[in-house]
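Read the structure below first, then the notes.
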Amino acid sequence: MTNEREHTVAVGTEVDWDAEAAAFDDEPDHGLRAPEVRAAWAARLRSWLPGHPADVLDLGCGTGSLSLLAAEQGHRVTGVDRSPAMVERARAKLAGHDAVVLHGDAAAPPVGERRYDVVLVRHVLWTLPDPARVLGHWRTLLRPEGLLLLVEGVWGTLSPVGIPADRLTGLLAPVARHTRVERLSDDPLLWGKTVDDERYAVLATV
């Protein structure tokens with residue numbers, strides 16, 4: 001999860017996500033309230049996720065906007081977020097769908113021995129202090145031939161923050177059999193505006 005203010009926060013700096021929750025969906029790519037933005041993310045998810053009903057683990061799910069899209073496409077979704085306020089909003093958003101939202105840390109989600117077909121993470125990995133270790137753990141949450149779907153980027157000009165695609169693909173080399181990078185910067189519908197920074201998705205098959 002992310003917003004414009006977060007992009008100015010250094011890695012490791014604590015953000016009060018409970019305080020951010022009330023306005024979180026105001027960002028076009030968070031709340032997906034504009035039909036064209038929602039449709040753009042729905043189309044991307046449909047192209048990324050399996051064509052059959054799958055078990056999807058959405059880590060750092062925020063208010064559950066991507067979880068909702070995945071559930072609407074027929075997938076069984078488990079969302080995880082460390083903010084109780086985010087979890088409350090995600091549960092309300094996903095009510096009536098085949099989905100559950102858990103309170104917990106995205107780096108070590110409280111899912112026990114359960115395994116998934118897809119681990120979906122958007123704008124979370126760059127905030128974690130040891131991404132290589134976290135990727136190794138997320139790998140263990142997947143079934144054979146499972147998919148790590150990571151949406152990340154680099155934001156800011158004076159003091160850029162984030163994780164470049166080439167660094168992320170390097171970190172994935174020990175845990176993934178195949179990786180593919182899809183550039184997202186040139187699709188303004190995803191963000192509700194034109195962007196000129198690095199935004200991308202990595203699809204890594206384990």
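Here the structure is a predicted model, which is why all the values come from computation and not from measurement.
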task = Start with the C-alpha gap between Trp41 and Arg46, add the side-chain angles, then the distance that decides, and say whether side chain to side chain contact (heavy atoms under 4.5 Å, CB included) holds.
result = CA-CA 8 Å; Trp41 279 103; Arg46 191 172 291 107; over 6 Å; no
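- Using a 4.5 Å heavy-atom cutoff, the side chains of Asp81 and His103 are not in contact.
- When all heavy atoms of Ala106 and Gly60 are compared, the pair lying nearest together is CB-N, 3.8 Å.
- Closest of all the heavy-atom pairs between Pro164 and Val154 is N-CG2, 3.6 Å.
- In terms of hydrophobic clustering, with Ile, Leu, Val, Met, Phe, Trp and Tyr side chains grouped at heavy-atom distances under 4.5 Å, Leu150 and Val195 are assigned to different clusters.
- Note: the hydrophobic cluster containing Leu120 does not contain Leu142 (ILVMFWY, side chain heavy atoms under 4.5 Å, direct or indirect links).
- Salt bridge Asp25/Lys93: present, at least one basic N to carboxylate O contact under 4.0 Å.
- Distance alone, capped at 3.5 Å, is enough to place a donor-acceptor pair between the Asp18 side chain and the Ala85 backbone.
- Within the 4.5 Å cutoff, no side-chain heavy atoms of Leu189 are placed close to those of Val37.
- Sparse packing is recorded around CD of Glu88, with 12 or fewer heavy atoms of other residues, nucleotides or ligands lying under 6.0 Å away.
- For the atom pair CG (Leu168) and OH (Tyr200), the distance works out to 4.5 Å, reported to the nearest 0.5 Å.
- Residues Leu57 and Arg115 form no side-chain contact, since every pair of their non-hydrogen atoms from C-beta on lies 4.5 Å or further apart.
- Rounding to the nearest 0.5 Å places CD of Glu198 at 6.5 Å from OG of Ser185.
- With sequence neighbours left out, Arg44 forms a side chain to side chain donor-acceptor pair (under 3.5 Å) with Glu182, Asp187.
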inquiry  = Could you go through Ile163 and Leu171, starting from their C-alpha distance and side-chain angles, then the distance that decides it, and tell me whether this counts as side chain to side chain contact (heavy atoms under 4.5 Å, CB included)?
reply    = CA-CA 11 Å; Ile163 181 168; Leu171 292 172; 3.9 Å; yes
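- Placement of Leu135 and Trp48 in two distinct hydrophobic clusters is found when ILVMFWY residues are connected by side-chain heavy-atom separations under 4.5 Å, directly or transitively.
- Here the side chain of His75 pairs a donor or acceptor atom with the backbone of Ala54 at under 3.5 angstrom.
- A distance of 7.5 Å separates CG in Leu94 from SG in Cys61, rounded to the nearest 0.5 Å.
- When side chains are defined from C-beta on, Val202 does not count as touching Glu152, because their heavy atoms never get closer than 4.5 Å.
- With Tyr116 as reference, Val111 is the one residue of Val77, Val56, Val111, Asp58 to meet the side-chain contact (heavy atoms from CB on, under 4.5 Å) rule.
- Look at Asp98 and Arg76 and you find no salt bridge, because none of the NZ, NE, NH1 or NH2 atoms lies under 4.0 Å from a carboxylate O.
- At a threshold of 4.5 Å between non-hydrogen side-chain atoms, the residues Pro110 and Val80 count as touching.
- Residues satisfying the side chain to side chain donor-acceptor pair (under 3.5 Å) test with Asp26, not counting sequence neighbours, are Arg33.
- Looking at heavy atoms from C-beta onward, Trp138 lies out of side-chain contact with Arg133 at the 4.5 angstrom threshold.
- Taking every heavy atom of both residues into account, Gly162 and Trp155 meet most closely at CA-CZ3, 4.0 Å.
- The line from CG of Leu125 to CZ of Arg167 is 8.0 Å long, rounded to the nearest 0.5 Å.
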query = What's the verdict on salt bridge (charged side-chain N to carboxylate O under 4.0 Å, His left out) for Asp55 and Arg114, showing C-alpha distance, side-chain angles and the deciding distance?
reply = CA-CA 10 Å; Asp55 293 310; Arg114 185 171 179 185; 3.4 Å; yes
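- The minimum heavy-atom distance between Ala107 and Val134, with the atom names listed, is CB-CG2, 4.0 Å.
- With values rounded to the nearest 0.5 angstrom, Arg38 atom CZ is found 14.0 Å from Asp29 atom CG.
- The cationic group of Arg199 lies under 6.0 Å from the six-membered ring centre of Trp191 and within 45° of the ring axis, placing it in a cation-pi geometry.
- Within the model, atoms CG of Leu32 and CD of Glu27 stand 11.5 Å from one another, a figure rounded to the nearest 0.5 Å.
- The closest side-chain heavy-atom distance from Asp105 to Leu59 is not below 4.5 Å.
- Under the 4.5 Å side-chain heavy-atom criterion for Ile, Leu, Val, Met, Phe, Trp and Tyr, Leu203 and Leu184 are members of the same hydrophobic cluster.
- With a 4.5 Å cut-off on side-chain heavy atoms, Leu149 and Leu49 count as touching.
- Here the closest non-hydrogen pair linking Arg91 and Leu102 is NH2-CA, 4.2 Å.
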inquiry  = Let's go through Val206 and Val175 carefully: what are the C-alpha distance in whole Å and the side-chain angles of both, what is the deciding distance for side chain to side chain contact (heavy atoms under 4.5 Å, CB included) to 0.1 Å, and is it a yes or a no?
reply    = CA-CA 6 Å; Val206 303; Val175 300; 5.6 Å; no
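- Put simply, Val151 and Val118 are part of the same group of oily side chains (I, L, V, M, F, W, Y) that touch within less than 4.5 Å, one to the next.
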